[in-house]
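Not measured: the values here are computed from a predicted model.
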Amino acid sequence: MTTVEQFTRSDVLRIVGITPKQLSSWERLRLLDPPASAEQERVYNFRDLVRLRNVKQLTGQQVRVGRLRLALEALRQRWPEGIDEDPSGMRLVAAGRGRVAVERQGACIEPVSGQFLLDFGLDDRWSKVRSLPERSLEDWLTMAFDCEGDPERRRQAIDAYRNIVERAPGWLEPKLNLGTLCYEEGDWTGAAEQFRRALEIAPGNPLAHFNLGSVLDDLGESEGAAGHLEEALRLAPGFADAHYNLARIYEKMNAPTRARAHWQRYLDYDPSSEWADYARQRLQDMDRQTFHPSPLGVSS
């Protein structure tokens, strides 16, 4: 009988040599997705350690985690049978200038297009791509990555992601990124459109439901917002931010019992966040309203 070795969070931090902040950030970006035990505590296995060591190596080579996330999403769509089950068989490698390629079965492959990189070095390949008069999908990705972190170039990032979405309509991650950038630019309607398109591709994606619910809340569509946030929590019960947003929405909808439940769940999952004190204050305010009715005996 084969024994599957499991590692605690402390084991992972010690073995891989990373900080708690790094691990939490990489988990949020779905660079790995370790299963939860019956007690809802994350446990890790050997392939998680392999993936984390690979991520640590690449970030040390100036590869941005956003590029890693998009590369992994492309690989999951292209080879769904292999990327998570056997990460040692598909190793991400630095391709020069902060870019990513994948080594698979002895060959080097560009993860988005699936094209083999032959007869020249990776750095040379990127130089040749950039010299082409017609931008490739990878060129648009490069532009999006280079611009999205700079507020003055955010519109360029949005244009780049729009080109990516048109060229690769079945790719989830660019739609999520485009929707987020639209939201940050104040285009809430455009953001909602992208998150809806993301859900057409991946109806079981909790982040897409969360994002759409949050945008609908800003658009004043409380019932629709609550529906998508509830679905996000059905898919990912420990999604603390979804509990927080739902608590706020249910208060606006005059549903204090539901709001109270989600304030409490938010604190269960994220008791030390910068918003935790506000959640505690809301619970205290609700308790006072419950146990101190108005002089006329009318529920406040």
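Nearest approach of A232 to F210, heavy atoms of both residues: CB-N, 3.9 Å. Nearest approach of M253 to A226, heavy atoms of both residues: SD-CB, 4.4 Å. Shown here for C182 and A191, the closest heavy-atom pair between the two residues is CB-N, 3.8 Å. The heavy-atom pair separating L172 from A202 by the smallest distance is CD2-CB, 4.0 Å. The heavy-atom pair separating Y269 from A240 by the smallest distance is CB-CB, 4.0 Å. The two atoms that bring I164 and A144 nearest to each other are CD1-CB, 4.4 Å, heavy atoms only.
To the nearest 0.5 Å, atoms CD (E231) and CG (N205) are separated by 11.0 Å. We find the CG-CG distance between N163 and L178 to be 10.5 Å, quoted to the nearest 0.5 Å. Taken from CZ in R155 to CD in E185, the straight-line distance is 5.5 Å, to the nearest 0.5 Å. The structure places CZ of R162 at 6.5 Å from CD1 of I158, a figure rounded to the nearest 0.5 Å. For the atom pair F195 CZ and L212 CG, the distance stands at 8.0 Å (nearest 0.5 Å). For the atom pair SG of C147 and CG of L181, the computed distance is 10.0 Å after rounding to the nearest 0.5 Å.
Side-chain contact check for E193 versus R197: some heavy-atom pair is nearer than 4.5 Å. The side-chain heavy atoms of D187 and T189, taken from C-beta on, include a pair separated by under 4.5 Å. A heavy-atom distance below 4.5 Å is found between the side chains of Y44 and R9. Looking only at side-chain heavy atoms (C-beta outward), L267 and L283 come within less than 4.5 Å of each other. Within the 4.5 Å cutoff, the side chain of W275 has heavy atoms near those of the Y266 side chain. In this structure the side chain of W188 never reaches within 4.5 angstrom of the side chain of L216, judged on heavy atoms.
More than 12 heavy atoms of other shown residues, nucleotides or ligands fall within 6.0 angstrom of atom CD in Q284. In the displayed structure, R258 atom CZ is contacted under 6.0 Å by at most 12 heavy atoms of other residues, nucleotides or ligands.
Judged by distance alone, with hydrogens and angles left aside, the side-chain atoms of S24 form no donor-acceptor pair with the main-chain N or O of K21 at under 3.5 Å. Proximity of a side-chain donor or acceptor of K175 to a complementary backbone N or O of P169 within less than 3.5 Å is detected. Although no hydrogens or angles enter the test, the distance criterion places a donor-acceptor pair under 3.5 Å between the side chain of Q22 and the main chain of T19.
A chain of hydrophobic side-chain contacts below 4.5 Å, direct or via other Ile, Leu, Val, Met, Phe, Trp or Tyr residues, connects V16 to L13. The cluster map of Ile, Leu, Val, Met, Phe, Trp and Tyr, joined by side-chain heavy atoms under 4.5 Å apart, puts I201 and L235 in different clusters.
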Practice item. Assess whether side-chain hydrogen bond (donor to acceptor under 3.5 Å, both in side chains) is satisfied between D11 and T8, documenting all intermediate values. Key: CA-CA 5 Å; D11 292 333; T8 66; 3.1 Å; yes
Practice item. Start with the C-alpha gap between D268 and Q264, add the side-chain angles, then the distance that decides, and say whether side-chain hydrogen bond (donor to acceptor under 3.5 Å, both in side chains) holds. Key: CA-CA 6 Å; D268 290 343; Q264 186 59 62; 3.3 Å; yes
Exercise for review: Kindly indicate, with the supporting measurements, whether the criterion side-chain contact (heavy atoms from CB on, under 4.5 Å) is fulfilled by I18 and W26.
Suggested key: CA-CA 11 Å; I18 57 178; W26 297 347; 3.9 Å; yes
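With 3.5 Å as the limit, one finds no donor-acceptor pair spanning the side chains of Q281 and D277. Side-chain contact, N211 with Y183: no donor N or O sits under 3.5 Å from an acceptor N or O.
Listed by first and then second residue, the side chain to side chain donor-acceptor pair (under 3.5 Å) pairs that reach into residues 237-253 are S214-N245, D217-R248, D217-K252, E230-Y250, H243-H262, E251-W263, E251-R282, sequence neighbours excluded.
For the side-chain hydrogen bond (donor to acceptor under 3.5 Å, both in side chains) with H228, the qualifying choice from R196, H209, E221 is H209, the only one to do so.
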